[in-house]
Amino acid sequence: MHDAKASTPVDELRAAVLRAGAALGATPTSAPTLERPKQAAHGDYATNAAMLLAGALKSPPREVATRLADAIAVELGEDLERAEVAGPGFLNLFLTDGWHAKALQHVVGAGDAFGQVGADAPGRKKVNVEFVSANPTGPVHVGGSRNAAFGDALARVLTFLGHDVHREYYVNDYGSQVLKLGESVQARAQGVPVPADGYQGEYLQEVADAIPGAAADDVADVAQQAVALMVRRAMASLQAFGVTFDTWFSERSLHTSRPPAPSKVEHAFDVLAEQGRTYRHDGALWLRTTEFGDDKDRVLERSSGEHTYFASDIAYHQDKRERGFDLLVDIWGADHHGYVQRMHAAFEALGGDAGQLDLLIMQFVHLVSAEGREKMSKRAGEFVTLDELVADIGVDAARWFLLARSHDTTMDLDLDLAKSQSADNPVYYVQYAHARIASILRRSKVTPDPTILPGAELHPSERALIQALLAFGPAIQEAADKRAPHRVATYTLDLAQTFTAFYRDCLIVGDPAEAFRAALAASTQRVLATGLDLLGISAPQEMHRDDATAPDPDAAPA
RNA sequence: GCCCCCAUAGCUCAGCUGGAUAGAGCAGCGGACUUCUAAUCCGCAGGUCCCUGGUUCGAAUCCAGGUGGGGGCGCCA
């Protein structure tokens, strides 16, 4: 038996359905659903178990449903008001007020741990989440912002569910792009035109000004100092966005060594050679990625003796493997998607288990404004940075915008809308629900208590709100399993809407049911705060609209 | 040519291991403020879930083939 203490009322309901099915003498071909129907007429929860059992029992689904209903009635006892057979063989369960009250008591009793552990929670894993990892040749832009919000939220969700999460930023401080950065900075320092293929952004003037010897020093030194400055700047931008990292991993460090010890790249080459995955051809060192499904083999070491970017990445992942993580999650920009297959191939060539590496691709953010789509290019030097985005619409709205949609959908971000109508952003709706509860609880003089049942029947809005609270755990679990933190956003919005309906229908302060409803409101507040925190969004105690002091988007900056 | 992602309301997007009459926000129209906070709520309108075929009790969802859009295919990073 599983740990009954950790199981939620919905878990127990599901278990009752399974036991009832077993009582009929059959096991379903797949796990039966237990879902909240869209329509109230279809009960509090509905299951398709009868349809799944019909085959094994060789009986019509509706007949099976009728027998299942009797078996479930035995299992649930007084918690079940009635069960109705509907449609092709659904069984709609109507639960009593008593069940709902007990469910709320479970939520209250679970406290801050509510939603953290399910009855079938997977074991704790050591997870490495690598995200952002934008080249240190320019400020973090909007694409990096989406990556940052996503990776951070995913890390928060995994941590919430008990995993040991390590956050990492891979700094590309090696190779030709870095040299190009050095040349561009030096040109700025010397007051001569930046090379045509260099980085044209104005921000490099500041970088050049901040490096004392930028005009005369060796370009490679200037480049490293510039990288250090850009990394510091990215760190500050991300921190202001609520995103921090445990490790800033230097690509350069993969190439350095203290003889006779090999560098990490050389070590990775050794690992691959031991497995017989590499060969020499045309003076270059190649990796047989085709053995793992890649289109063609890939070069690790050029005929010139230089290592490719791919070599760095392989060494980096070998290093992660040796650090003992159970799961590696890499969050890459859409421009890297062509790289996924060969990275997987390389990972397996190293001896890694394919299931231990999860490569996620963040689709593009298209910036839309009145003038149309804006191209984002660091070289052109005209793009919206994370700093600018935060300055325009704030951390909370920015994170909501970037997190509310699935990562594999190309996304339009309308800057004009985000600026001029930020009050209409759903994030404020969710925050407002939280603040409203805080206000109500400040006014309430009674101690919230879910065991003091209202004399009258529960209002449908009360029942709906309790059910919405119970959906929290599964929503978070799914966000983690599917690497889909946007589900957390969808959930919090739904919970806020359900609460607002409850608020409309049910008076709290001064009502005979005040203690019970205050407990319900307080639980909602806590779940909203937890959900918002998983998104990295604040949960204010108070919010007031003040049109007189509302920021004017057209006003000149002070 | 090959590979990846996407296609759902006027717009931006949800839609959980396939379930019942496909949803939200914004935009539009009409209402509700001496409020437990109107940053709110109620109502109306808005759909060929890109197309074709397949799988089955049942497909927006899964499979195949198309069409359209975005992106990537270097001994660059």
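Nothing here was measured: the structure is a model prediction, and the numbers come from that model. Naming convention: chains lettered A, B, ... in sequence-line order (proteins, then strands); numbering from 1 in each chain.
- Between A/Phe499 and A/Ala521, the closest heavy-atom pair is CE1-CB, 4.3 Å.
- Screening A/Phe249, A/Tyr309, A/Phe310 for a ring pair (Phe, Tyr, Trp, His ring centres under 6.0 Å) with A/Tyr316, the sole residue that qualifies is A/Phe249.
- Between A/His42 and A/Phe90, the distance separating the two ring centers is not shorter than 6.0 angstrom.
- Listed candidates were B/G25, B/A14, B/A77. Nearest to the side chain of A/Pro426 is B/G25.
- In this pair, A/His42 lays its aromatic ring flat on the base of B/A20, centres within 5.5 Å and planes under 30 degrees apart.
- Ranked by how close their nearest RNA chain B nucleotide is to the 5' end, A/Ile361 and A/Ala435 are led by A/Ile361.
- Among B/A77, B/C16, B/A24, the nucleotide with an atom closest to any side-chain atom of A/Glu35 is B/C16.
- Within 4.0 Å of A/Met411, counting heavy atoms only, lie sugar-phosphate atoms of the nucleic acid but no base atom.
- Taking only distance into account, the side chain of A/Ser303 meets the base of B/C75 through a donor-acceptor pair shorter than 3.5 Å.
- As rounded to the nearest Å, B/G28 and B/C63 have P atoms that lie 40 Å from one another.
- B/U21 and B/G58 have their P atoms separated by 14 Å, given to the nearest Å.
- Remark: the A/Asp335 side chain and the B/G71 base include no donor-acceptor N/O pair separated by less than 3.5 Å.
- Distance, A/Asp412 CG to B/C6 C1': 12 Å, rounded to whole Å.
- Nucleotides B/U55 and B/C76, compared at atom C1', are 46 Å apart to the nearest Å.
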Worksheet item: If you write RNA chain B from 5' to 3' in dot-bracket form, with Watson-Crick or G-U pairs under 3.5 Å, [ ] for crossing pairs and | for pairs with another strand, what do you get?
Response: (((((((..((((.....[...)))).(((((.......))))).....(((((..]....))))))))))))....

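- A/Arg517 contributes atom CZ, which lies 9.0 Å from atom CG of A/Leu520 (distance to the nearest 0.5 angstrom).
- Listed candidates were B/C42, B/C75, B/C6. Nearest to the side chain of A/Asp408 is B/C6.
- Stacking between A/Phe90 and the base of B/G19 is absent under the criterion of ring centres within 5.5 Å and planes under 30 degrees.
- One P atom belongs to B/G47, the other to B/G69, and the distance between them is 25 Å to the nearest Å.
- The side chain of A/Thr500 has B/U40 as its nearest neighbour among B/U40, B/C5, B/C75.
- Of the candidates B/G25, B/C41, B/G15, the closest approach to any side-chain atom of A/His486 belongs to B/G15.
- For A/Gln497 and A/Tyr429, the side-chain atoms include no donor-acceptor pair closer than 3.5 Å.
- Here, B/A9 and B/C50 have their P atoms 8 Å apart, quoted to the whole Å.
- A cation-pi contact links A/Arg82 to A/Phe94, judged by a cut-off of 6.0 Å to the six-membered ring centre and 45° from its axis.
- When each of B/C57, B/C41, B/A14 is scored by its nearest atom to the side-chain atoms of A/Tyr429, the top-ranked nucleotide is B/C41.
- The residues A/Glu301 and A/Arg280 are annotated as salt-bridged, a charged nitrogen and a carboxylate oxygen being separated by less than 4.0 angstrom.
- Mapping A/Gly87 and A/His336 onto RNA chain B via the closest heavy atom, the residue that lands nearer the 5' end is A/Gly87.
- Going from atom NE2 of A/His337 over to atom P of B/C3 covers 11 Å, rounded to whole Å.
- The nucleotide whose nearest atom lies closest to any side-chain atom of A/Lys296 is, among B/C36, B/A24, B/G74, B/G74.
- Between A/His307 and A/Phe269, the ring centre distance stays below 6.0 Å.
- You'll find a donor-acceptor pair under 3.5 Å spanning the side chain of A/Asn92 and the base of B/A20, going by distance alone.
- In this structure, A/Leu495 places its CG atom 20 Å from P of B/G23, rounding to the nearest Å.
- Considering only side-chain atoms of A/Val509, the nucleotide from B/C5, B/G72, B/C36 that sits closest is B/C36.
- Between the CE atom of A/Met362 and the P atom of B/G71 there is a distance of 17 Å, given to the nearest Å.
- Looking at A/His337, its side chain does come within 3.5 Å of a backbone N or O of A/Ala334 through a donor-acceptor pair.
- The C1' atoms of B/A20 and B/C4 are separated by 36 Å, rounded to the nearest whole Å.
- Distance OH (A/Tyr339) to C1' (B/C3): 16 Å, rounded to an integer number of Å.
- Of the possible donor and acceptor atoms, none in the side chain of A/Asn147 sits under 3.5 Å from a partner among the backbone N and O of A/Met362.
- Protein atom CG of A/Asp295 is 8 Å distant from nucleotide atom C1' of B/C73, rounded to whole Å.
- Atom P of nucleotide B/C13 and atom NE2 of A/His366 are separated by 10 Å, given to the nearest angstrom.
- Between the CE atom of A/Met543 and the P atom of B/U40 there is a distance of 9 Å, given to the nearest Å.
- Rounded to a whole angstrom, the distance from the P atom of B/G31 to that of B/C36 is 25 Å.
- Using a 4.0 Å heavy-atom distance criterion, A/Arg298 is classed as making no nucleic acid contact.
- Taking atom C1' on both nucleotides, B/C33 is separated from B/C42 by 13 Å, rounded to a whole Å.
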